[in-house]
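Numbers restart at 1 for each chain; the letters A, B, ... are given by sequence-line order, proteins then strands.
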Amino acid sequence: MVNQEIAEIFDQMSRALAFKGKDRFRALAYERAAGSLRGLDRDVIGLAREKKLKEIPGVGHDLSEMIEEYIKTGHIRRCEREMRAVPGALIEMMDIPGLGPKTLGLLHEKFRIKNVDDLRRLIEKGSLAGLRGFGDKKIENLRRGIELYQSSKQRRRLGMVLPLAEKLVDEARKMKLVERADLAGSIRRGLETVGDIDLLISSRKAEEALREFIKLPAIKRVTALGGTRASVLIEGNLQVDVRAVPKESYGAALQYFTGSKQHSVHLRTIAQKRGLKINEYGVFRGDKRIGGENEEDTYSALGIKMPPPELREDRGEIEAATEGDLPKLIEEGDLRGDLHTHTTWSDGRSSLEEMVEAAAKLGLEYIAITDHSPSARIANGLDIDRLERKIEEVESLRKKRGRRNPRVLMGAEVDILSNGKLDYPDEVLARLDVVVASLHGAFRQNKDRMTGRLLDAIANPYVHIIGHPTTRLLGSREPVEFDFERVVEAAAEAGVALEVNGSPSRLDLNDVMARAASEAGAPLAIDSDAHSAAQLEQTRYGVIQARRGWVEARLVVNTWSWPRISRWLRRRRKAT
DNA sequence: GCCGTTTTCGGCCCGACTGTTTTCAGTCG
């Protein structure tokens with residue numbers, strides 16, 4: 001998406017400016033604009049056409065011209081000129097912990113280093129020793145920083161980190177010196193990937209509590225320890241930052257450390273305008289604390305309602321909270337069923353019966369079993385003969401279970417073939433309760449063909465859901481290119497649901513797209529895409545992403561009661 | 001570079017920790 005490409009350029013530009021060290025506020029301006037672009041739920045191309053680019057927060061005269069230039073030419077000459085002066089690898093090196101623009105600038109100037117290897121050689125040869133400002137510890141920290149950077153460059157998926165983080169919170173809550181403990185930071189906001197775990201505790205003896213915390217068995221190494229803060233590494237070199245604050249500041253600290261940075265900056269400017277000051281210790285009028293023990297009163301002291309953590313990206317939630325206009329976000333408990341699951345019939349690891357039993361334990365009212373269609377050969381897709389036999393098994397299971405929940409729906413995840421046709425003929429689709437249509441191959445067709453395939457699938461009256469619409473895999477496959485606005489429009493028109501796939505490596509649609517879809521009135525389905533019984537709980541991550549996308553339950557089809565969703569499942573078939 | 005019921009110029013969020021300093025700069029979140 002063009003938005004992301006431009007955001008990337010602005011980010012690089014910001015870091016290049018920080019490296020040059022001339023005007024940090026200019027660097028900040030680029031950073032802010034990049035953040036706005038990332039969270040935008042509309043394509044900048046459309047905004048440019050309507051001359052509305054300046055409505056994007058942080059985008060003014062110059063940056064709007066740059067965006068226009070990029071749309072026209074694919075380049076931004078001013079940025080390219082500025083960035084040419086800074087080797088690209090240097091900009092990346094700012095990700096090394098402990099290495100910021102100043103140190104990097106100094107090393108570049110003195111030793112002409114161009115990349116990580118240069119820096120490592122410098123350290124190994126001992127060339128840094130004796131340099132002003134470079135003591136033994138700083139050099140050792142740089143060496144470790146490089147190590148850490150290379151072993152954990154990639155951000156981890158939320159689905160991998162969240163369970164570990166929740167275990168740590170539990171451990172912390174068990175500690176005698178700890179009164180309260182909560183996750184903060186990006187993990188609390190539910191970002192699809194996170195770089196570290198932020199943990200907040202309250203204690204009357206902060207320093208002691210931290211000293212006790214760092215002794216937990218999960219902690220492998222301590223990288224920093226002070227009176228209010230500790231940084232440690234747990235398994236997989238995952239960094240955990242723990243802060244300890246007194247009880248009366250807990251809410252303010254939770255707000256502060258949850259962020260996002262942009263959200264907090266916005267809050268502080270509001271505080272300033274009202275003659276208040278907000279920091280991690282509370283909200284203050286002069287020296288008097290007027291809020292901060294709980295998160296709600298921290299916000300209400302500023303005169304606004306508390307937005308759920310998932311919304312705190314400065315994407316309009318502060319304005320909405322000020323006007324008392326926050327959405328009522330979907331919650332995990334709103335889900336009544338799962339419409340996309342696999343079994344041993346195709347590439348799942350649990351049997352049909354095991355899946356249904358697990359769904360019963362989770363309290364689901366209905367579950368669709370949607371194994372792959374024949375083109376998905378590696379996934380052991382079902383040809384029509386095997387599909388027939390599976391239908392029989394589903395029917396006998398239904399008889400056996402009687403009226404116990406969940407209702408078992410016969411379904412399939414059907415490939416959308418390269419020509420836009422579906423992988424089963426219509427008369428076969430007609431026998432299925434639930435049809436999820438998904439792209440599984442031929443991802444590199446041009447944008448028009450891709451759009452066409454999705455529109456064809458939506459037009460098919462037997463299709464209920466478009467599965468993982470962009471097919472992206474976090475950290476390994478880019479989303480396919482298609483005209484998202486047209487697809488959303490068609491889905492809204494036809495009443496076909498777009499999936500928010502809960503698999504931690506997919507999360508597809510993502511937050512921003514889910515928001516655009518729901519604003520356009522397209523139905524959504526939050527599914528697990530489970531390939532084993534345990535994975536049925538993956539819908540949790542789908543819900544988190546949907547919440548980040550401002551999604552309310554009413555648009556999510558699998559929050560609907562059985563009578564309602566069964567009408568929806570059959571509605572386009574009555575005519576045929 | 002952005003932005004404005006205190007401002008179209010002059011601000012731009014705030015504090016902790018570390019390491020190397022003898023009073024503070026750099027980094028981080």
Q: Could you tell me how far apart A:L28 (CG) and B:dG10 (C1') are, to the nearest whole angstrom?
A: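 Taking CG of A:L28 and C1' of B:dG10, I get 16 Å after rounding.
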Q: Kindly point out which of B:dT18, B:dC14, B:dA16 is positioned nearest to the side chain of A:Q272?
A: B:dC14
Q: Please determine if A:E166 and A:R540 form a salt bridge, counting it only when a charged side-chain N lies under 4.0 Å from a carboxylate O.
A: yes
Q: Are A:E179 and A:S202 linked by a side-chain donor-acceptor pair shorter than 3.5 Å?
A: yes
Q: Ignoring hydrogens and angles, does a donor from either the side chain of A:Y256 or the base of B:dG15 sit under 3.5 Å from an acceptor on the other?
A: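 Answer no: no donor N or O sits under 3.5 Å from an acceptor.
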Q: Pick base, sugar-phosphate or nothing for A:R243, based on heavy-atom distances below 4.0 Å to the nucleic acid.
A: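 Contact class for A:R243: sugar-phosphate only.
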Q: What residue pairs, at least two apart or across chains, pass salt bridge (charged side-chain N to carboxylate O under 4.0 Å, His left out) with a residue in residues 210-222 of chain A?
A: A:E207-A:R211
Q: Could you tell me whether A:R315 and A:D511 have a side-chain N and a carboxylate O separated by less than 4.0 Å?
A: yes
Q: From the set B:dG1, B:dT27, B:dA16, return the single nucleotide nearest to any side-chain atom of A:R229.
A: B:dA16
Q: Reckon A:L99 touches a base, only the sugar-phosphate, or nothing at all at heavy-atom distances under 4.0 Å?
A: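 Contact class for A:L99: sugar-phosphate only.
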Q: Calculate the interatomic distance between A:F134 atom CZ and B:dA25 atom C1'; express it in whole Å.
A: 12 Å
Q: Nearest-Å distance, NE2 (A:H61) to P (B:dC2)?
A: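 In whole Å, B:dC2 P lies 9 Å from A:H61 NE2.
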Q: Between A:R78 and A:E65, is there a side-chain N and carboxylate O pair less than 4.0 Å apart?
A: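 Answer for the salt bridge query: no.
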Q: Which whole-number value in Å describes the distance from A:L210 CG to B:dA16 C1'?
A: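 Atom CG in A:L210 sits about 12 Å away from atom C1' in B:dA16.
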Q: For A:D198 and B:dC28, what is the distance between atoms CG and P respectively, to the nearest whole Å?
A: 14 Å
Q: Less than 4.0 angstrom between a side-chain N/O of A:K102 and OP1 or OP2 of B:dG19, yes or no?
A: no
Q: Strictly below 4.0 Å: does A:T228 bring a side-chain N or O up to OP1 or OP2 of B:dC17?
A: yes
Q: Can a side chain N or O of A:R132 be found less than 4.0 Å away from OP1 or OP2 on B:dA25?
A: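 For B:dA25, neither OP1 nor OP2 has a side-chain N or O of A:R132 closer than 4.0 Å.
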Q: Remember a base hit wins even if backbone is also touched, and classify A:K261 as base, sugar-phosphate or nothing at under 4.0 Å, heavy atoms.
A: base
Q: Heavy atoms from C-beta onward define the side chain here; which of B:dA16, B:dT20, B:dG1 lies closest to that of A:K137?
A: B:dT20
Q: Measuring from atom CD1 of A:I45 to atom CG of A:L53, what distance do you get when rounded to the nearest 0.5 angstrom?
A: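 The CD1 atom of A:I45 sits 10.5 Å away from the CG atom of A:L53.
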Q: Strictly by Watson-Crick or wobble contacts shorter than 3.5 Å, is anything paired with B:dT8, and which nucleotide is it?
A: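 When the pairing criteria are applied, nothing turns out to pair with B:dT8, so the answer is none.
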Q: For B:dA16, take OP1 and OP2 only and decide whether either is under 4.0 Å from a side-chain N or O of A:Y281.
A: yes
Q: If you compare every side-chain N and O of A:T269 against the phosphate oxygens of B:dC12 (OP1, OP2), does one of them come in below 4.0 Å?
A: no
Q: Output the rounded distance in Å from CZ (A:R32) to P (B:dG11).
A: 19 Å
Q: So, is A:N141 close to the B:dT18 phosphate, meaning a side-chain N or O under 4.0 Å from OP1 or OP2?
A: no
Q: Given atom NE2 of A:H266 and atom P of B:dC3, what is their separation to the nearest angstrom?
A: 11 Å
Q: The side chain of A:A29 is closest to which nucleotide in this list: B:dG1, B:dG19, B:dC14?
A: B:dG1
